[in-house]
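Heads up, the thing below is written out as C-alpha cells.
Naming convention: chains lettered A, B, ... in sequence-line order (proteins, then strands); numbering from 1 in each chain. On a predicted model such as this, the values are computed, not experimentally measured, just so you know.
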Amino acid sequence: VATFSVLVEVKLRPGIADPQGSTIERSLPHLGFDGIAGVKVGKAIRFTCEAADEAACRAEVDDMAHRFLTNPVIEDYDLTVHEVGA
Amino acid sequence: VTRIGVVLFPGSNCEQDAVEAVTGLGGDADLLWHGEESLGDADAVIVPGGFAHGDYLRPGAIARFSPIMGAVARFAADGGPVVGICNGFQVLTEAGLLPGALQKNAGLKFLCTTVGLRVETTTTVLTSEARAGQILQIPINHFEGSYTCSPETLRQLHEEDRVVLRYVDNPNGSIDDIAGVCNEGRNVVGLMPHPERACHPLLGSTDGQPLLRSLLAATSPRTLSR
C-alpha cells in the first residue's frame, strides 16, 4: 500500500455560466491588467489517499468525484495524483 | 388531518415558516430531524429552505447523505408527495429525485424579492388546487437558483409536461424561465420560490396558499394502504 497526494480541480462544464469568472474578468482592466481572457473560477480539493497503486487510487477518486465531489450536471474535474515520497 | 413532515437539517432556516403555513391552512406539521431514519406517520414531506450543512461543497451536496434522505427517497418512490423549496429543491436535485441542477444566479447577485410565477401544469402534488396559467406573486430568496439541465433533460421535461412553474420575468437566468419542476410520477416537486412565505395577508401575498393547499390535498398511497 502506498500513499498518494491527490488534487481534484472542480470546474464548471462548458456552456455553464460562470458569473464569478466573468465578473473577475470584467474587473481586471480597472486595475490595469489588460489582455486577460478566459477567466474561470473553480474549486481545488486536496487530500491523501492510501491505495495499492496509482491506478487503484485514480479509480477510487474518480468514483468519489462522480458521486460526491462534483455535480456532473454542471461540473467537471481534472485529477492530479502523485505518490508521496516517491 | 394531513400530516406534513418538515425535514430539519443543521442550517435549515425556513422550517418554522413551513410549519406555520401548513398549520394555518388546517394541516398538521412535524419537524423531522435529519438524523432520523424514518418519516414517522407523515402523509407528505417538505424539504425546506436554508443552508443545509452550511451549503458546504455545494448546496444540497452533504444534505443528500443525511439518514432521513433514504426515507424520503423510499417515500417518493412509493408515490408519497415530496416538495423541496429553495435549498430543499437543491437537496432534491443533488439526491437525484429531480433532474437538473441549480447554479449561481446570472448577475451574481443574491436575490430577495417577490416575483410573478405562472402555473404551467396542475397535475402535480403542488399545483392541483391552482389554475393553469394563473399568475402567483411569491417571494424568492436565493443565490444559487438558476435552473439548468442538459438539452435532453429539457426536451424530456417539455414532452412530459414537467415544468411546473415559470418565472414571468426571469430574475436569475434559469433555462427556459423554469422556477419549478416535477419528477416522472409528478409526486416530487422542487421550486426556488417560497410559497410558505406568501400564506398570510400580513406577508403581502396569499398566493402561496393554493400551492400548499394542493400538497395538503395530495393523499399519499401510503396513507390509503394504512
Side-chain angles (χ1 to χ4, degrees), chain A residues 4-31 33 36-51 57-81, chain B residues 52-66 69-70 73 87 89-111 142-157 170-178 181 183 190:
Chain A
F4 296 88
S5 164
V6 177
L7 168 62
V8 182
E9 289 175 273
V10 182
K11 53 190 186 173
L12 291 170
R13 295 180 79 96
I16 296 295
D18 180 3
Q20 293 189 96
S22 40
T23 302
I24 291 170
E25 190 166 320
R26 277 199 310 274
S27 303
L28 286 169
H30 296 295
L31 293 170
F33 295 103
I36 308 292
V39 177
K40 304 283 178 205
V41 175
K43 278 180 255 189
I45 304 173
R46 293 171 206 276
F47 50 90
T48 60
C49 171
E50 287 186 355
C57 172
R58 283 182 177 273
E60 174 111 328
V61 178
D62 275 330
D63 188 28
M64 195 189 301
H66 278 115
R67 288 166 53 197
F68 184 36
L69 299 183
T70 72
N71 180 336
V73 178
I74 53 174
E75 293 170 332
D76 214 341
Y77 65 97
D78 289 325
L79 195 52
T80 309
V81 175
Chain B
H53 297 276
D55 276 358
Y56 290 169
L57 191 59
R58 297 180 304 279
I62 313 280
R64 172 193 156 197
F65 295 106
S66 280
M69 289 307 296
N87 190 230
F89 185 13
Q90 296 164 336
V91 172
L92 295 180
T93 60
E94 283 283 342
L97 295 178
L98 289 172
L102 285 309
Q103 58 173 330
K104 288 190 174 63
N105 297 337
L108 204 60
K109 281 199 165 60
F110 190 99
L111 295 171
H142 61 244
F143 183 48
E144 300 190 88
S146 178
Y147 185 79
T148 187
C149 62
S150 68
E152 301 78 57
T153 300
L154 186 61
R155 192 163 56 241
Q156 193 178 9
L157 291 176
N170 193 338
N172 56 22
S174 288
I175 191 167
D176 196 28
D177 302 333
I178 290 175
V181 298
N183 68 341

Show the nearest heavy-atom pair for residues A/L69 and B/L57, with the distance to one decimal.
O-CD1, 3.9 Å
What part of B/L102 is in contact with chain A, defined as an atom under 4.5 angstrom from a non-hydrogen atom: side chain, backbone, both or neither?
backbone
Under 6.0 Å from the CZ atom of B/F65, do we count more than 12 heavy atoms belonging to anything else shown?
yes
Among A/K43, A/R13, A/Q20, the residue with the most heavy-atom pairs under 4.5 Å to chain B is A/Q20
According to side-chain hydrogen bond (donor to acceptor under 3.5 Å, both in side chains), does anything in residues 68-81 of chain A pair up with another residue at least two apart or in another chain? List the pairs.
A/K11-A/D78, A/D62-A/Y77, A/N71-B/E94
Identify the residues of residues 23-31 of chain A whose heavy atoms come closer than 4.5 Å to a heavy atom of chain B, ordered by number, or report 'none'.
A/T23
At a heavy-atom separation under 4.5 Å, does A/I16 approach chain B through its side chain, its backbone, both, or neither?
both
Residue selection (most heavy-atom pairs with chain A, distance under 4.5 Å) from B/S150, B/A101, B/S146
B/A101
How close do B/N105 and A/P19 get, heavy atom to heavy atom, and via which atoms?
O-CG, 3.8 Å
